[in-house]
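This report refers to the structure that appears directly beneath it.
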Amino acid sequence: MTEYSFGNPEIIEIDTDILIIGGGMAACGAAFEARRWAPDAKITLVDKAAMDRSGAVAMGLSAINTYLGPDRDPSDYCRMVSADLMGITRDDLVYDVGRHVDDSVHMFEEWGLPIWKDKTTEGVPLKDGGKPVRSGKWQIMINGEGYKTIVAEAAKKALGIENIIERCFIVKMLLDKNEPNRIAGAVGFSVREHKLYVFRANTILDVAGGAVNCFRPRSTGEGNGRTWYPVWNSGSTYAMAAEVGAELTMMENRFVPARFKDGYGPVGAWFLLFKSKATNGFGEDYVVKNADMLADFAPYDKATVVPTCLRNHAMLKEMKEGRGPILMQTPAAMAKLAETMTPQEIKHLEAEAWEDFLDMCIGQAGVWAGNNIRPEKTASELMPTEPYLLGSHSGCCGIWVSGPEDLSSPAEWRWGYNRMTTVKGLFTAGDGVGASGHKFSSGSHAEGRIAAKEMVRFVRDHKGYKPELKGDIKAITEEIYQPVRTYLEHKDKTTAEDVNPNYILPRMLQMRLQKLMDEYVAGVSTYYNTNGKLLDMGLHYLTMLKEDSKKMRAKDLHELMRAWENYHRIITAEAHLRHIMFREETRYPGFYYRADYPKLNEADWKCFVNSRIDPDTGDWKCFKRAHVDMVEKRYEGQGH
């Protein structure tokens, strides 16, 4: 038996029909649906983590954010998504999620997810007429501490555990040697064993989540590592697709959620279920107070629900002008509800308020306990976070994909199979699909199912395809293990291995990336402001960082994973920077500001900003694509 050592991995080659990269909600949806339509196909799922606790729903969730039900129309859903994202979304993609998402939710309930019902229909499944407890127009309440494990179990059962490889980090996708712009395979390494995996596939689903930790986080020091979105999301979805030439879209868009300070605890249930209000430090409702300021961004200020970025815009004005802190008035909300409740009902409500955090953000409960805060008695601070890049929550950056064939969308939105990228055979879903948004957990699962069904069709249409990988596997192995080689060559040249002029630690390189993105690309330290000059300088420093990234070290498999996460973050960060530089307006005030172009410019910039890396030269190109409304958009409080 050969002994494989660190840096000298066993190479395992696997041929498959369908390769799913990722283990979150979209991947689970895809695994379940692909097996349903292709019982005899070879389907392989590869996850950096373990499916039971992988992705954004890993810790649990106390609500399903997207459920239409029989009384809501996908067109209204399109209007809501468009309004929140300041008018630039793909109605075909959003409508497609809207018409399929309920089916996924019904599956979750069938698999055992407890969904709250009103008293008149307790015990009746949603699909049979059960009425959910809603917290807002689109959101329903659940007991979701086991949400992800329930969904993962169904996917694992459908796929077969023998077809799932966990703790394997896919870091590169590979094109076909013979057919231009055709995906052919992927390469990754085990983060637990000395193994390198080489996959050849007819079609690939790239669903490895969004991007976190590109920017310097607010939680530093003892709070380091605390983020709102999954800390392990490193932009792999965007970076790997971009490197093989897939067209990206709306990468300038980011999400800056306002969350409970330091714990990043969610605010949705407090706003929607408990009817709480947020005020400045002097008790003023800052959104109402600053309504005139929001008129600069008409007509979106007239949406029934003020767009998330505009609510941030009003909050930031209060903070910058010294009227902080921003406070969630939790005691007032609880007192108001208590006026019409029995003591027993009040106790139950307080238990639900705590469970909201124990289900999905236990760190927030820890912060409150550590600060002697009881939210039913003490108002809690809110704070806008560092920026996140994603396509499934209140953001719409991602990859440009072909849409459904049966909707009357522009021809340039339907060049191939539904959810296929501009690279033949490469599909995406969830955080990967750009120019969409507000899919959340249920929509990502549904979109994974949409993509999987099309991938099965793609495989049947390309039955005779035999992938041949472009590039030499030995050379690719050396590229992947370069941080290991760098460490082994230089580790004995200093007395302390962490201090060495010949290499940089992945965590140090990540801090450099976060610092430059924070200071030049509109992070928290500049109140989310940037301009063309700052972006030029940021790109200069990012270019140097890319050069230095080749000197990262990896002393073990965990550090090798961190090194490759950094490579992916750098590509994602560059896409974000270049898109903000290209879009000469402030489309998302409260998320970021182009101080040199402070206004909304509907005439020139109500369009998609797309980009592409030439996979042969590495050159970036940014360009516009026309925006079209397929669903009539109505403001002045209508239709949302």
Side-chain angles (χ1 to χ4, degrees), residues 15-21 90 93 170-188 198-208 235-251 391 398-405 409-429 432-435 451-452 454-473 475-476 479 568 571-572 574-575 578-579 608-625:
D15 291 290
T16 190
D17 296 315
I18 294 172
L19 177 63
I20 300 169
I21 302 172
R90 285 263 303 266
L93 302 177
I170 300 294
V171 297
K172 288 182 84 68
M173 293 191 293
L174 300 173
L175 294 168
D176 192 89
K177 185 166 79 174
N178 305 312
E179 188 178 342
N181 195 43
R182 170 67 153 97
I183 206 68
V187 184
V198 180
F199 297 93
R200 283 180 291 269
N202 196 326
T203 179
I204 294 177
L205 183 68
D206 176 19
V207 281
S236 302
T237 303
Y238 313 130
M240 291 194 295
E243 283 195 303
V244 293
E247 196 172 311
L248 303 178
T249 188
M250 301 304 289
M251 288 301 295
I399 306 166
W400 187 249
V401 298
S402 186
E405 294 173 353
S409 55
E412 57 269 27
W413 294 4
R414 290 178 282 115
W415 64 83
Y417 298 76
N418 195 357
R419 268 43 176 211
M420 190 172 83
T421 71
T422 54
V423 174
K424 185 178 176 183
L426 177 61
F427 292 73
T428 190
V433 171
E454 290 291 286
M455 291 170 79
V456 169
R457 186 160 73 92
F458 182 91
V459 167
R460 287 176 182 164
D461 291 348
H462 298 83
K463 243 185 211 164
Y465 173 67
K466 299 284 182 205
E468 281 192 63
L469 304 180
K470 187 177 182 180
D472 177 64
I473 292 302
I476 290 167
E479 181 189 355
H568 291 169
I571 295 166
T572 302
E574 183 169 359
R578 287 182 179 277
H579 275 236
F608 301 107
V609 170
N610 287 17
S611 66
R612 183 178 181 268
I613 298 177
D614 185 314
D616 295 320
T617 65
D619 293 335
W620 283 87
K621 183 182 177 187
C622 287
F623 47 94
K624 295 181 179 183
R625 285 208 182 274

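Basis for what follows: all heavy atoms, side chains included, without hydrogens, waters or symmetry-related copies.
- Checking side-chain atoms of T422 against main-chain N and O of E247 turns up a donor-acceptor pair under 3.5 Å.
- Remark: E243 CD to L175 CG distance equals 10.5 Å, nearest 0.5 Å.
- Under a cutoff of 6.0 Å and an axis angle of 45°, R612 and F623 do not form a cation-pi pair.
- Note that the NZ atom of K172 and the OG atom of S236 stand 12.0 Å from one another [nearest 0.5 Å].
- S409 and R414 share a donor-acceptor pair across their side chains, judged by distance under 3.5 Å alone.
- Within a 6.0 Å radius of NZ in K621, no more than 12 heavy atoms belonging to other residues, nucleotides or ligands are found.
- In this model, no donor atom of one side chain and acceptor atom of the other lie less than 3.5 Å apart for E454 and N418.
- Put simply, the side chain of L426 does not reach to within 4.5 Å of the side chain of M420, judged on heavy atoms.
- Between Y465 and A184 the shortest heavy-atom distance is OH-CB, 3.4 Å.
- In this structure, T572 contributes its side chain and Y238 its backbone to no donor-acceptor pair below 3.5 Å.
- Heavy atoms only, all atoms of each residue included: K177 and L469 are closest at CB-O, 3.9 Å.
- A salt bridge links D616 to K470: at least one charged side-chain nitrogen sits closer than 4.0 Å to a carboxylate oxygen.
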Could you walk me through whether I18 and V459 pass the side-chain contact (heavy atoms from CB on, under 4.5 Å) check? CA-CA 8 Å; I18 294 172; V459 167; 3.8 Å; yes
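- No donor-acceptor pair closer than 3.5 Å links the side chain of H568 to the backbone N or O of M240.
- For the pair R90 and W400, the cation-pi test (distance below 6.0 Å, angle within 45°) is passed.
- Expressed to the nearest 0.5 Å, how far CD1 of I183 lies from CG of D206 amounts to 8.5 Å.
- A donor-acceptor contact shorter than 3.5 Å is absent between the side chain of R457 and the backbone of A452.
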Mind running side-chain contact (heavy atoms from CB on, under 4.5 Å) on H462 and K424 for me, showing each step along the way? CA-CA 11 Å; H462 298 83; K424 185 178 176 183; 3.5 Å; yes
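- For Y417, the ring-ring contact (aromatic ring centres under 6.0 Å, His included) partners at least two apart in sequence or on another chain are F458.
- Side chain of D176 to backbone of E468: a donor-acceptor contact under 3.5 angstrom is found.
- Note that the CE atom of M455 and the CG atom of D17 stand 10.5 Å from one another [nearest 0.5 Å].
- Closest approach of D15 and R200 over heavy atoms only: OD1-NE, 2.8 Å.
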Would V244 and T421 count as a side-chain contact (heavy atoms from CB on, under 4.5 Å) here? Give the steps. CA-CA 11 Å; V244 293; T421 71; over 6 Å; no
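- The backbone N or O of V207 sits nowhere less than 3.5 Å from a side-chain atom of T237 that would complete a donor-acceptor pair.
- Residues G416 and S402 come closest through the heavy atom pair N-OG, 3.0 Å.
- Between A451 and L205, the shortest heavy-atom distance links the atoms CB-CD1, 3.8 Å.
- A side-chain donor-acceptor contact under 3.5 Å links T249 and N610.
- Side-chain atoms of V401 and L93, non-hydrogen and from C-beta on, do get closer than 4.5 Å to each other.
- Here F427 contributes atom CZ and I20 contributes atom CD1; the two are 12.0 Å apart, rounded to the nearest 0.5 Å.
- The two residues I204 and G185 come nearest to each other via the heavy atoms CD1-O, 3.5 Å.
- To the nearest 0.5 Å, the span separating OG on S611 from NE2 on H579 amounts to 2.5 Å.
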